[in-house]
Amino acid sequence: MTPSPPSPHGSDPREPKAAKAPRDPKKIPAEKAAVRKSVTEKTAAETATGKKAAEKKTAAAGKAVTKKAVTAKTTTKKAVAKKAGTKKAVAGKAVAAKRSVAREAPPAGPLEVALSPALDADDRERLLHGTHHQPHAVLGAHPAPGGIVFRAFRPYARSVAVVTGDLRAELHDDGDGFFSGLLPLREVPAYRLVVAYEDTVQETEDPYRFLPTLGDLDLHLIGEGRHEELWTVLGAHPLTHQGVAGTRFCVWAPNARAVRLAGAFNFWDGIGYPMRSLGSSGVWELFVPGIGEGELYKFDITRPDGSRTQRADPMARRTETPPATSSVVEASHYEWGDEEWLARRGERPAHEAPLSVYEVHLPSWRPGLTYRQLAEQLPAYVRELGFTHVELMPIAEHPFGGSWGYQVTGFYAPTARLGTPDDFRFLVDALHRAGIGVLMDWVPAHFPRDDWALAEFDGRTLYEHEDPLRAAHPDWGTLEFDYGRREVRNFLVANAVYWCEEFHIDGLRVDAVASMLYLDYSREPGQWTPNEHGGRENLDAVAFLQEMNATVYRRVPGVLTIAEESTAWDGVTRATHHRGPSGFGGLGFGLKWNMGWMHDSLEYMSHEPVYRRYHHGEMTFSMVYAYSENYVLPISHDEVVHGKKSLVSKMPGDWWQQRANLRAYLAYMWAHPGKQLLFMGQEFAQGAEWSEEHGPDWWLLDPAYGAEADHRGVRELVGDLNSVYRSTPALWERDTSADGFAWVVGDAADDNVLAFLRRDADGTPLLAVSHFSPVVRHDYRLGVPDDIPAWYEVLNTDAGRYGGSDVFHPDPVKPEPQPWHGHPASIRLTLPPLSTVWLRPA
């Protein structure tokens, strides 16, 4: 990026915002004279012995010493005076050492600066060309024979002075932006720099006078890949260091020859802000005084080959709004109000609790709304529908909106499209206070190749795998993480913890787990290398997922992790310390998306009812493996885009039959073992596919629209499904136990009927009957237990208010002592067309 020209308003083009107002250049000579006069008077007063002759002699000698170092033009007589005066000057310094360090100076006379030892030519060249890894070793203030050497590297400056206490000393211009001088001080004082440019003068702290801001323990944990709070040490952090306010910048770039800090505060020219390497950790650090929240920055990295690249901060907690790509210094000031929610969210394990999820793409749910505006509408809408949770499609920063957030460049930053990180916290807090949990999609499988982000971050493969066969994702044109590198694994594990702890996220739905688990995922023979055992499993990814899940569950009680995993991998939701038949420990997820159920059931529903008899097994097969994992039944965004049609449009028949099929299918889904997930827009039978450009077709619910009642009826059903579901433990308490399910009839293919019982922990049942045929079946006999005196209808998708034909059972249905379907008693029902009916004991 080309540096901007100096500001026409006189602001310093190369310095952070100053804590003090800039000095007027015209007043500098007068200020300098005044300071020297003040210093002379104070020094004389402090060292007075009552003998004026001795005072004058000492002052003259001290002045001679300084002038000789600067001009080298002293006479022999002055040299003798210097020798005699030096002894007295030393005595004077011994007394002054007990006073403020800022006042350590020759006892009398105006302060002048000696020439400092020359800067090593190699150091000079490396600083000029951005290849110096230890700028603090040569810049700043350092003890040297004869005093303290002050050295500043201020390109474009016309002069630099050191100010400490009441003293001010002009440094010598060494050319190329270097300024230096030797001051007769015993110790390095607290000091500031006065830097004069062509049109402005500014007083500022020197970044190179500060000690490192990271300790040995942090560096050790980073090196071990075990820093579970990595976001607290890497990235940009406003803080007070050695009594000075500023921002600490830290970045992991082990292959870099050097790293410099560039930002809006120095017009994106990092030449004057080289960072220091903190040893073998690969971390580079710089504390910059005067920099605060809201500043834009990037890291200017010198690659191993000498070329340079400016990169966004991988640990940035805030970014510019895309398409801009800079990182932003951020500190949270949000005060949470969800203590009650957090205290009770872990009272019941997720797989034994009601869990129905409304999946949302925030930028398009109500296009144009910010996080805070969404907080006014989304919680109320979700609460009205009765969902227990929302699942947010990835909200981590991403450059291309069309990726929906699944190609992340800012893993630690909520997208700036909708507001600040604290604004996002406000939304999460509002949902919690409305009694709604917040899940978010998390994408540790891959990252895009943008040349300002993670790809070859420091000039070599770093976050991606060094083997090209394992680095490139074959489907999405992205790069896969190197899960075998401990620092990369730490980056991702800490990121999972970060979202849960810093933003109070209640659960992570991990995207594309299958692509992580298999080395041959979407690869042909010859395009992948077997693991050390000759298998196709990605052992590094397995270890990463196990560590991530174990760490999140240990650190954040009540949190939930969910795997989007579409294969038959053994033990996705098994504990990590329990080994299965495959020899692997479990991956440790709480729940897993049941992609098989989703594909099979939608395939069945897409057929005309007359042909469904030939596909009946697609609706019953899910119960063969229903308890192999803890499942979520997902009707997600992936199923209503890219030519797959919306959910209602997948259904056969005319408009009435499509809606009836949809209603029957949703009630079947809510009754099936497993948790439920429904994508936005499908709750009111949107006919068009979802588009991230305009979101759901809310106009379908406008009373002025002629078919509004048809769409509102489906939405009314979804609300009732959630209401009955949450109040009926039989539908969720034994989701993961075979004791909670029993077929009544699963083989009535010719009738297109499915009927089953769900039971809660006490054995109380719910009877669910789905009839996927467009005819009315009278006196349809179903077997039931004989210990229930009567059944009453609690939900019927054919109800008139949902848009159905209103075939229902107003009175309790009593069992007859006639065995049927393997049960000791039976009931006779009138089955509405294309419907699902739920009955509970009366």
Side-chain angles (χ1 to χ4, degrees), residues 349-352 355 442-446 470 475 480-481 483-484 489 492-493 496 507-523 525 528-554 559-601 617-618 620-634 636 638 672-675 677 734-741:
H351 62 280
E352 297 177 355
L355 186 77
W442 185 55
V443 191
H446 63 131
R470 295 182 61 177
D475 290 342
E480 297 183 6
F481 283 101
Y483 305 108
R489 192 167 61 244
L492 293 172
V493 172
L508 302 172
R509 176 271 199 182
V510 183
D511 183 62
V513 171
S515 72
M516 301 164 63
L517 291 175
Y518 297 97
L519 296 170
D520 62 344
Y521 184 87
S522 289
R523 295 177 172 91
W528 63 282
T529 304
N531 63 33
E532 61 193 60
H533 304 298
R536 57 196 284 254
E537 300 84 5
N538 187 336
L539 303 181
D540 293 334
V542 171
F544 155 66
L545 291 170
Q546 290 174 328
E547 180 182 348
M548 181 277 296
N549 280 311
T551 304
V552 168
Y553 277 109
R554 170 172 51 83
V559 80
L560 173 67
T561 62
I562 306 169
E564 187 218 9
E565 205 284 318
S566 56
T567 74
W569 183 278
D570 175 52
V572 173
T573 58
R574 189 170 59 238
T576 57
H577 59 284
H578 288 168
R579 294 192 175 274
S582 64
F584 290 105
L587 296 183
F589 285 95
L591 297 170
K592 169 184 172 175
W593 273 21
N594 193 335
M595 308 295 280
W597 170 88
M598 181 269 298
H599 286 298
D600 288 347
S601 62
E618 292 169 357
T620 59
F621 181 65
S622 59
M623 292 311 303
V624 173
Y625 60 86
Y627 304 107
S628 60
E629 302 279 4
N630 304 336
Y631 283 116
V632 174
L633 311 179
S636 73
D638 279 331
H672 191 284
K675 312 307 180 182
L677 179 141
R734 289 187 173 182
D735 267 337
T736 60
S737 171
D739 294 340
F741 178 92

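Residues satisfying the side-chain contact (heavy atoms from CB on, under 4.5 Å) criterion with H577, sequence neighbours excluded, are A575. Listed by chain and number, the residues in a ring pair (Phe, Tyr, Trp, His ring centres under 6.0 Å) with Y518 are W569 (sequence neighbours excluded). Evaluation of the side-chain hydrogen bond (donor to acceptor under 3.5 Å, both in side chains) rule for S628 yields Y631 as partners, not counting sequence neighbours. By the side-chain contact (heavy atoms from CB on, under 4.5 Å) test, F621 pairs with D600, V624, Y625, sequence neighbours left out. Applying the side-chain contact (heavy atoms from CB on, under 4.5 Å) rule to A350 yields the partners L560; only residues at least two apart in sequence or on another chain are considered. Partners of P530 under the side-chain contact (heavy atoms from CB on, under 4.5 Å) rule, at least two apart in sequence or in another chain, are W528. Legend: residues meeting ring pair (Phe, Tyr, Trp, His ring centres under 6.0 Å) with F481, ordered by chain and number and at least two apart, are F411, F447. Remark: Y627 engages no residue in a ring pair (Phe, Tyr, Trp, His ring centres under 6.0 Å) (not counting sequence neighbours).
The closest side-chain heavy-atom distance from N549 to V510 is not below 4.5 Å. No side-chain heavy atom of P673 sits under 4.5 Å from any side-chain heavy atom of R734. Taking 4.5 Å as the limit, some side-chain heavy atom of Y521 sits within range of a side-chain heavy atom of D475.
For the atom pair F544 CZ and L517 CG, the distance stands at 11.0 Å (nearest 0.5 Å). We find the CG-OG1 distance between L508 and T561 to be 7.5 Å, quoted to the nearest 0.5 Å. For the atom pair W593 CH2 and E564 CD, the distance stands at 5.5 Å (nearest 0.5 Å). With rounding to the nearest 0.5 Å, the separation of OH in Y483 from CE in M548 is 10.5 Å. With rounding to the nearest 0.5 Å, the separation of CE in M595 from CG in D638 is 6.5 Å. Going from atom CG of L545 over to atom CE of M516 covers 4.0 Å, rounded to the nearest 0.5 Å.
For the pair S601 and M598, the tightest heavy-atom approach, listed with the atom from each and the gap, is OG-O, 3.3 Å. Annotation for D735 and H351: closest pair CB-O, 3.9 Å, computed over non-hydrogen atoms. Considering every non-hydrogen atom in both G588 and Y553, the closest pair reads O-CE1, 3.5 Å. Minimum interatomic distance between N630 and T573 (heavy atoms only, all atoms of both residues): N-OG1, 3.1 Å. Of all heavy-atom pairs between I562 and F589, the closest is C-CD2, 3.7 Å. Closest of all the heavy-atom pairs between A496 and V552 is CB-CG2, 3.8 Å.
Pairs passing the salt bridge (Lys or Arg N to Asp or Glu O under 4.0 Å) check and including a residue from residues 620-630, sequence neighbours excluded, do not occur. A salt bridge (Lys or Arg N to Asp or Glu O under 4.0 Å) check over residues 583-596, counting only residues at least two apart or in different chains, returns the pairs E565-K592. For residues 510-521, the salt bridge (Lys or Arg N to Asp or Glu O under 4.0 Å) pairs, not counting sequence neighbours, are R509-D511, D520-R536. Among residue pairs with one or both ends in residues 573-591, those qualifying as salt bridge (Lys or Arg N to Asp or Glu O under 4.0 Å) are D570-R574; sequence neighbours excluded.
A donor-acceptor pair under 3.5 Å is absent between the side-chain atoms of N538 and the main chain of L519, judged by distance alone. The main-chain N or O of G586 is found under 3.5 Å from a side-chain atom of Q546 such that the two form a donor-acceptor pair.
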Step-by-step side chain to side chain donor-acceptor pair (under 3.5 Å) determination, H672 to S622: CA-CA 9 Å; H672 191 284; S622 59; 2.8 Å; yes
